[in-house]
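Structure first, commentary second.
Proteins come first, then strands; the chains are lettered A, B, ... in the order of their sequence lines, and each starts at number 1.
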Amino acid sequence: MQRDKTSNSPKIQEDPHQAESAPPRQLFWADQKADEIIKRKRFRYLKKDIKKFDRYTIKTSASISGVLHIGRLSDTIRSESVVKALKDRGYDSDLIWVAEDMDPLRKIPEGVPQEYKKYLGTPVTDVPDPWGCHTSYAEHHVSKYLEVLNEFVSTDLTLFSMKEEYKKGNFKPYIKKILENLEDIKEIINKHRQNPLGRGWSPWTPICKGCGKIITPKVEGFENGKITYRCEDYKFEHQTAKGCGYEGENNPLKDYGKMMWKSEWAAQWARWEIVSEGAGKEYIVPSSAWWVNAEIAEKVLKFPMPVPIFYEHLMINGEKMSASVGNVVYPHQWLEIAPPVLLRFFYNKKLMKTRSFSFKDLPNLYDEYDRHARVYFGKEKIPNPKEENHMKRLYEISQSNTTEKPLKVSFSHAAMVSQIFTDENAKIQSLKRSGHYDRMLHNETLKRLEYAKRWAARYAPEESRISLDIDIKKIKQNLSKEQKAFLTRFSRWLEKPRTPEEIHNQIYSISKELGIPFKEAFKAIYLAVLGTKKGPKAATLIASLKQSWVIRRFNEVC
RNA sequence: GGGUCCGUAGCUCAGUCUGGCUAGAGCACCGGCCUUUUAAGCCGGGUGUCGCGGGUUCAAAUCCCGUCGGACCCGCCA
């Protein structure tokens, strides 16, 4: 099934700063990949020239069985960056997304009825939709997946489903070639195995005619183009997929089933003429599926190995993201506290460095992003031109259709302002006074205030939390006699409705009358209200609160 | 047994591929400034054996060899 999406394709914005000093060789990793893709001449395992590609297709795919967390967006986001780099060089390039929907159901996720145990080992495309809104379990998750992808990726994806591909027979020619060269395939795979593959081994996994499972058929032999199998129980992890005992035959060129991973991947590359694909760093090792498939692709299918985009996996608080640790970050959680572009920026940084995300450090990431924005727009200079170009490019390639101008308000400042003021107008007023407001970026500023507010409420560490809920006793001890006298006088005066100007003037007159330094008076106000020594303009802070509340609070701390 | 990546300031990271000015930034921190716009502002300060040891070089965070520490992978399956 190919579900083409039609919408405007992304335009990389022209940047006047880039034009004046185009560096001879790009430092940014996606540009290097693009150059490698364009310039490579020969096969890796054969003495053979690579034919010219009309267009450069990059593949990204996802298994449909697992949970969708932000870590799984990395492959697609990083692949997209290489597509962008190729397009920037004037080449036709597209990004295809393949649903690995022939994969078996491996566990029963939360929210799925326990009776689904009977589907363990069944291709997810053949499992019914537990929620009843799609034609299958796979369809349901694919649609969820795509909703998310379209939020985070700005390139149009061309969509494929492995189920549909097999059904349409698009893989037949490759299956045929692989079966014809069975001995070569085995030899390639055996090079990296301790125990050589047996006689009856087949690169094709049949699906049981009796129960429709893919994990349970045990291949007993492969002769004359036909696989004989018996459907048996299959144990994996903590689960057992029940076999049905069916004994039968399967013809890879006619019957239902799929290729094994070490063969199928190679066939996918050849079928879509893939020039590059992302893969986790575990594939770098010489005996991984990547290199096995690479050799199969070249030696058997005569298709050159794609340029790999190997990357490190995302960590959360320095730990692997996993449901059992309970540190899974879902895309919707990300979107509550940050825009998609920030995740793209994060993933577009150096690939092979372990990146750890933590909610606590989110302001850091925003600051880095803002700095890149300022450099991109020439508002900040970097002494090292190499570094400056790198920063500009990293920023540029992370953008979607429009290139965002740098905001004047930092995320942590936004967090503070949005915690103190509840009223949108008061927030903006505060930013205007402190020079953190840009009228041209009004909506963007509001958005950041929203993100920051949610972040502060849910994830901010104690020290960046500003709250009117303070330790009264402690403040009481910290305030001097003079400060208390000030607050008492002030609170009495506040019994009538006052304007911000009046409040402001009154702070000074009371201080003068009592003969205490203004500094101490302001400090007293901040301590009493926020528990801090500093704060936003005192008069507007008080004006933004209910006067009755202020009076009560001042009385409490005195 | 084999392989890959990472290690730079208290923290988060650039800079390493392509060796070249005194090793940088943000945050944090320290010191100072503000009597009618108290702004989480402004001014000043780098706090470092670039994990360690050797080599190459006129010159090494950067290249080579070794080593230590951390993360992970292959030798099941996908």
For this session: Can you figure out which of U38(B), C73(B), A78(B) approaches the side chain of Met260(A) most closely?
Result: A78(B)
Exercise. Distance between the C1' atoms of C6(B) and A14(B), in whole angstroms?
Worked result: 15 Å
Exercise. Ring of Tyr508(A) versus six-membered ring of U36(B): centres under 5.5 Å and planes under 30°?
Worked result: yes
For this session: Take the protein atom CE of Met352(A) and the nucleotide atom P of C6(B), then report the distance between them rounded to whole Å.
Result: 7 Å
Exercise. Considering only side-chain heavy atoms of Lys349(A), which listed nucleotide, A25(B), A14(B), C77(B), is closest?
Worked result: A14(B)
Exercise. Does a side-chain N or O from His504(A) land closer than 4.0 Å to OP1 or OP2 of U37(B), or not?
Worked result: no
Exercise. When all nucleic acid strands are considered with a 4.0 Å heavy-atom cut-off, which category describes Tyr283(A): base, sugar-phosphate, or nothing?
Worked result: base
Problem set entry | Pair Arg271(A) + Glu165(A): basic N to acidic O under 4.0 Å | yes
For this session: Select base, sugar-phosphate, or nothing to describe what Arg374(A) touches, counting heavy atoms under 4.0 Å on all strands.
Result: nothing
Exercise. Closer than 4.0 Å, any side-chain N/O of His413(A) to the OP1 or OP2 of A40(B)?
Worked result: yes
Exercise. Which part of the nucleic acid, if any, lies within contact of Met416(A), taking any heavy atom under 4.0 Å across all strands shown: a base, the sugar-phosphate backbone alone, or nothing?
Worked result: base
Exercise. Hey, does the Lys NZ or Arg CZ of Lys427(A) hover above the aromatic six-ring of Phe421(A), less than 6.0 Å from the centre and inside 45° of the axis?
Worked result: no
Exercise. Is any side-chain nitrogen or oxygen of Arg193(A) closer than 4.0 Å to OP1 or OP2 of C77(B)?
Worked result: yes
Exercise. Between C33(B) and A40(B), how far is it from one C1' atom to the other, in whole Å?
Worked result: 15 Å
Exercise. Would you say the side chain of Lys512(A) and the base of U36(B) hold a donor-acceptor pair, judged only by whether the two atoms sit under 3.5 Å apart?
Worked result: yes
Exercise. Of the nucleotides C77(B), C72(B), U18(B), which has the atom closest to the Lys320(A) side chain?
Worked result: C72(B)
Exercise. Looking only at atom C1', what distance separates G44(B) and C63(B), rounded to whole Å?
Worked result: 39 Å
For this session: Determine the interatomic distance between C1' on C27(B) and the same-named atom on G45(B); round to the nearest Å.
Result: 16 Å
Problem set entry | Short side-chain N/O contact from Lys353(A) to OP1 or OP2 of A14(B), under 4.0 Å | yes
Exercise. For Glu387(A), which contact category applies under a 4.0 Å heavy-atom criterion: base, sugar-phosphate, or nothing?
Worked result: base
Exercise. Using a cut-off of less than 4.0 Å, is there contact between a side-chain N or O of Lys350(A) and OP1 or OP2 of C6(B)?
Worked result: no
